[in-house]
Each structure stands twice: as structure tokens, then as C-alpha cells.
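First up is the structure itself, then whatever we jot down about it.
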Amino acid sequence: MEPQGLLIFLLIGAIAGWLAGVIIKGYGFGLIGNIIVGIVGAFVAGLVLPMIGVAIGGGIPGAIIHATIGAVILLFLIGLVRRG
């Protein structure tokens, strides 16, 4: 992966993780944590969204939306595990 692609990948992960933390209040993990949540969220969304028939457009905005949806799902599940 080229350095520019890696930087965009990390930036999308950070934005998605931050947005998910704003949507699911009470989950702030800092920059590194937000990047990890965003990247894992993108993976989760890549598994879940096609199963329910949801397709999101391409490009960077589509990637951010996709990763944010997955990160929200991930943070919701983390919240359930922490409470239980």
C-alpha cells in the first residue's frame, strides 16, 4: 500500500470512529482508539450491510458512511457487553 493510500485509510478510520463516538455518546477512545474502532467498524459493516441488502456509494464519503455505520454497530455491541 502506498503511503498516500495508508494515510487516507487511517483518516477514514479516525473520522468514522469519531463520528460513531458522537452518535453513541460516552465512547471516546482518543485518536488511536477512534482509528481502530473505525477500521474494525468498516470490517463489521462489510459483513453486515450486504446481508441486509444495503449498498452505499463509493468514494471517500461512502467509505466514511460505511465505516461509521459499522463503528456504531461495534460500539453498541461493546456497550451491551460492558453492561452485561
Side-chain angles (χ1 to χ4, degrees):
M1 180 177 277
E2 295 180 22
Q4 181 182 7
L6 180 61
L7 182 62
I8 291 171
F9 183 72
L10 294 175
L11 185 62
I12 289 171
I15 292 170
W18 175 77
L19 283 172
V22 169
I23 293 169
I24 304 290
K25 297 190 185 329
Y27 291 99
F29 294 109
L31 180 61
I32 302 298
N34 285 345
I35 291 172
I36 292 170
V37 167
I39 291 171
V40 173
F43 178 73
V44 168
L47 294 174
V48 173
L49 294 181
M51 283 188 222
I52 60 174
V54 175
I56 298 175
I60 292 176
I64 292 171
I65 293 168
H66 188 262
T68 301
I69 291 170
V72 166
I73 293 168
L74 178 67
L75 290 179
F76 178 74
L77 293 175
I78 288 172
L80 288 178
V81 170
R82 282 188 177 176
R83 289 184 200 138

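Every heavy atom of this structure was used, including side-chain atoms; hydrogens, water molecules and symmetry mates were not. Counting begins at 1 with the first residue of the sequence.
Nearest heavy-atom pair, Gly38 versus Ala16, reported as atom, atom and distance to 0.1 Å: CA-CB, 4.1 Å. The two residues Ile56 and His66 come nearest to each other via the heavy atoms CD1-CA, 3.9 Å. Between Phe9 and Ile39 the shortest heavy-atom distance is CE2-CD1, 3.7 Å.
With sequence neighbours left out, Ile15 forms a side-chain contact (heavy atoms from CB on, under 4.5 Å) with Leu11, Leu19, Ile64. Listed by chain and residue number, Leu31, Ile35 satisfy the side-chain contact (heavy atoms from CB on, under 4.5 Å) test with Ala14 (two or more places apart in sequence, or in another chain). Ala42 is linked by a side-chain contact (heavy atoms from CB on, under 4.5 Å) to Ala67, counting only residues two or more places apart in sequence or in another chain. Applying the side-chain contact (heavy atoms from CB on, under 4.5 Å) rule to Val40 yields the partners Ile36, Val44, Leu74; only residues at least two apart in sequence or on another chain are considered.
Residues Val22 and Ile12 share a hydrophobic cluster, clusters being chains of Ile/Leu/Val/Met/Phe/Trp/Tyr side chains in contact below 4.5 Å. Linking ILVMFWY side-chain heavy atoms closer than 4.5 Å, directly or via other members, places Phe43 and Val72 in two distinct hydrophobic clusters. Under the 4.5 Å side-chain heavy-atom criterion for Ile, Leu, Val, Met, Phe, Trp and Tyr, Ile78 and Leu80 are members of the same hydrophobic cluster. Criterion: ILVMFWY side-chain heavy atoms under 4.5 Å apart, direct or through other members. Under it, Leu75 and Ile32 are part of a common hydrophobic cluster. Under a hydrophobic-cluster definition in which Ile, Leu, Val, Met, Phe, Trp and Tyr are linked whenever side-chain heavy atoms come within less than 4.5 Å, directly or via other members, Ile69 and Leu47 are assigned to different clusters.
Of the candidates Thr68, Asn34, Val37, Asn34 is the only one forming a side-chain contact (heavy atoms from CB on, under 4.5 Å) with Trp18.
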